[in-house]
Amino acid sequence: MLSATLLGELDPQAFLKRYWQKSPCLIRNAIPALVSPISPEELAGLACEAEVEARIVQKIRRNPGWSVRHAPFTEQDFTSLPPRDWTLLVQDVDKYVPELARLLDRFRFVPNWRVDDLMVSYATDGGGVGPHVDAYDVLLLQAQGFRRWSISTEAYADAEIPGLELKQVHDFRPQQEWLLGPGDMLYLPPGVAHDGIAIGNCLTFSIGFRVPSDAEIFTDLAGWLIGKTDKNARYSDPDLRDSSADPGLIPDLTRRRLYKRLKTLLTTDTATLDEWFGCFITEPKPWLHTVPPRRTLDVVQMRQLLQSHGLIRDPAANLCWLPASHDSIRLFVDGCCHTLPARLIPLVRMLCRQHDYPAALLRTFRRDTKALELFTELYNSGTVRRG
């Protein structure tokens, strides 16, 4: 449930109308008495795991002024660092720490598919990543300590530092500055240049929102359409005419035939696009995936399980849904589409909204065969597990 103070005096609709993708918004005491579910030591431990995306960004005196190292790290990597001027950034921490996944639930006034991840950064005094511009919306929630944020809404072009996977803007001229303490939050729309510098050691939660580029959309859609295309179908020209007078010229008839064929191949109905889009936006990142159980269940065993146990959704699972027709819906789970009867809309909404599914709620679906089949598929794929 949305905290009454999360957006200050604004309700979600007012925030979205006034600030979302329009202008920065500072919210003091968004989450009062915030206690971080993860400590700096635990964050460092997570960054030592092979499957976790993390990096250490450090200010240095020699050119280019910064160094970047990528995970996995070792304990020695951390003990060899200086006492200040470095930052550890760990992506998708909500996928590994259930309490942070539940913290993200406070931000569900934005649709599931737009919520990307919760990145946690631990910075020592003076640490940061330099002034930069993000291509996506971000909410910067201060969890421990203090960080000074400087922003500018001027147009800046970012440039990658040679030899480093680190983009920064040059000649950054701050227009506003704030010191954020525990529980304070800053919203920044795409394109706003910003620079965060730790004042003492601090933890910051960055809630990032997905904004796929046109190139990503077209690339994925093209791949989807290729998968739906008859591999044996080929161009044909039974009405070919004599070209001996100018064999190098591409005939108008060829162009018209080819372009008509392309239009036919590219013409897709809404239902096809819905299926593609749902699978596209729930496709997990390559380094994130659910883990199937050692022992799978059948429908009968699932019915027995739900008699006395609830289920828990894996934090790495991505769920969204769409109406399909007047009597059916589509549930998208990690790039897969499940077509279900419309009577299961309450169940699907619960699955998409919550992480914990108590036995008392699930018991009502024990006699619905389609619901049991869905539970069984989700359990056997690792999307949900016994609560």
Side-chain angles (χ1 to χ4, degrees), residues 19 23-31 34 36 38-40 43-44 47 53-60 64-69 81-94 100 103 107 116-154 156-161 164-209:
Y19 295 103
S23 64
C25 179
L26 174 67
I27 302 163
R28 293 291 187 189
N29 211 26
I31 302 182
L34 173 63
S36 174
I38 188 169
S39 68
L43 187 69
E53 287 284 306
R55 55 187 171 143
I56 293 174
V57 179
Q58 183 181 352
K59 291 182 185 178
I60 56 176
W66 300 85
S67 73
V68 179
R69 285 182 281 170
L81 286 167
R84 57 169 294 143
D85 292 334
W86 59 269
T87 301
L88 168 66
L89 305 104
V90 184
Q91 301 287 151
D92 291 290
V93 183
D94 55 297
L100 286 176
L103 177 64
F107 301 91
D116 188 12
D117 78 327
L118 190 151
M119 181 185 76
V120 179
S121 64
Y122 170 73
T124 55
D125 188 34
V129 298
H132 61 284
V133 174
D134 290 327
Y136 49 83
D137 310 86
V138 64
L139 282 162
L140 301 162
L141 176 63
Q142 196 61 24
Q144 286 182 10
F146 295 86
R147 188 186 287 269
R148 185 178 302 281
W149 287 101
S150 305
I151 73 163
S152 174
T153 56
E154 291 183 21
Y156 286 93
D158 58 6
E160 189 164 321
I161 298 177
L164 302 178
E165 295 178 9
L166 186 66
K167 292 185 177 181
Q168 295 181 348
V169 299
H170 301 295
D171 195 25
F172 177 61
R173 297 176 296 278
Q175 295 174 326
Q176 292 178 283
E177 291 187 350
W178 302 282
L179 181 65
L180 270 63
D184 293 338
M185 185 167 67
L186 176 64
Y187 164 73
L188 297 176
V192 174
H194 53 287
D195 186 18
I197 299 175
I199 308 300
N201 298 348
C202 74
L203 272 178
T204 305
F205 296 164
S206 299
I207 297 102
F209 295 89

Checklist entry - Is any side-chain heavy atom of L34 closer than 4.5 Å to a side-chain heavy atom of M185? => result no
Item to check | 4.5 Å side-chain heavy-atom contact, Y156 and R173 | outcome: yes
Item to check | Contact check, side chains of F209 and L139, non-hydrogen atoms, under 4.5 Å | outcome: yes
Checklist entry - Can you name the nearest heavy-atom pair linking S206 to L140, along with the distance? => result OG-CD2, 3.3 Å
Checklist entry - Looking at CG of L43 and OH of Y122, how far apart are the two atoms once the value is rounded to the nearest 0.5 Å? => result 10.0 Å
Checklist outcome for this item: So CG of D94 and CZ of F205: to nearest 0.5 Å the spacing works out to 10.5 Å
Checklist entry - From I207 CD1 over to D116 CG, what is the distance, rounded to the nearest 0.5 angstrom? => result 11.5 Å
Next on the checklist: Side chains of H194 and P24, heavy atoms from C-beta outward: is any pair under 4.5 Å?
Outcome noted: no
Item to check | T124 vs P83 side-chain heavy atoms within contact, under 4.5 Å | outcome: no
Checklist entry - Between D137 and P189, which heavy-atom pair has the shortest distance, and what is it? => result OD2-CA, 4.0 Å
Next on the checklist: As an exercise, state the distance from CZ of F172 to NE2 of H132, rounded to the nearest 0.5 Å.
Outcome noted: 9.5 Å
Item to check | Heavy-atom pair of closest approach, residues S152 and V192 | outcome: O-CG1, 3.6 Å
Item to check | Student check: side-chain heavy atoms of L26 and W149 closer than 4.5 Å | outcome: no
Checklist entry - Hey, are the side chains of I31 and L141 touching, using non-hydrogen atoms and a 4.5 Å cut-off? => result yes
Item to check | Nearest heavy atoms of A123 and T87, plus distance in Å | outcome: CB-OG1, 3.6 Å
Checklist outcome for this item: Which of K59, R147, R148, R84 passes salt bridge (charged side-chain N to carboxylate O under 4.0 Å, His left out) with D125? Answer is R84
Checklist entry - Distance from K167 atom NZ to D134 atom CG, nearest 0.5 Å? => result 11.0 Å
Item to check | CG-CD1 distance between L180 and I27, expressed to the nearest 0.5 angstrom | outcome: 10.0 Å
Checklist outcome for this item: Of all heavy-atom pairs linking V169 and A193, the shortest is CG2-CB, 4.5 Å
Checklist outcome for this item: side chain to side chain contact (heavy atoms under 4.5 Å, CB included) with V68: of L166, L89, V129, I56, only one passes, and it is L166
Item to check | Y136 atom OH: more than 12 heavy-atom contacts under 6.0 Å | outcome: no
Checklist entry - In terms of side-chain heavy atoms, does D184 have a donor or acceptor partner in Q142 at a distance below 3.5 Å? => result no
Checklist outcome for this item: Nearest heavy-atom contact between L88 and A47 is CD1-CB, 4.0 Å
Item to check | Heavy-atom side-chain proximity of T204 to S121 below 4.5 angstrom | outcome: yes
Checklist entry - Are W178 and F146 near enough that their ring centres are under 6.0 Å apart? => result no
Item to check | Donor-acceptor under 3.5 Å (E53 side chain, D92 main chain) | outcome: no
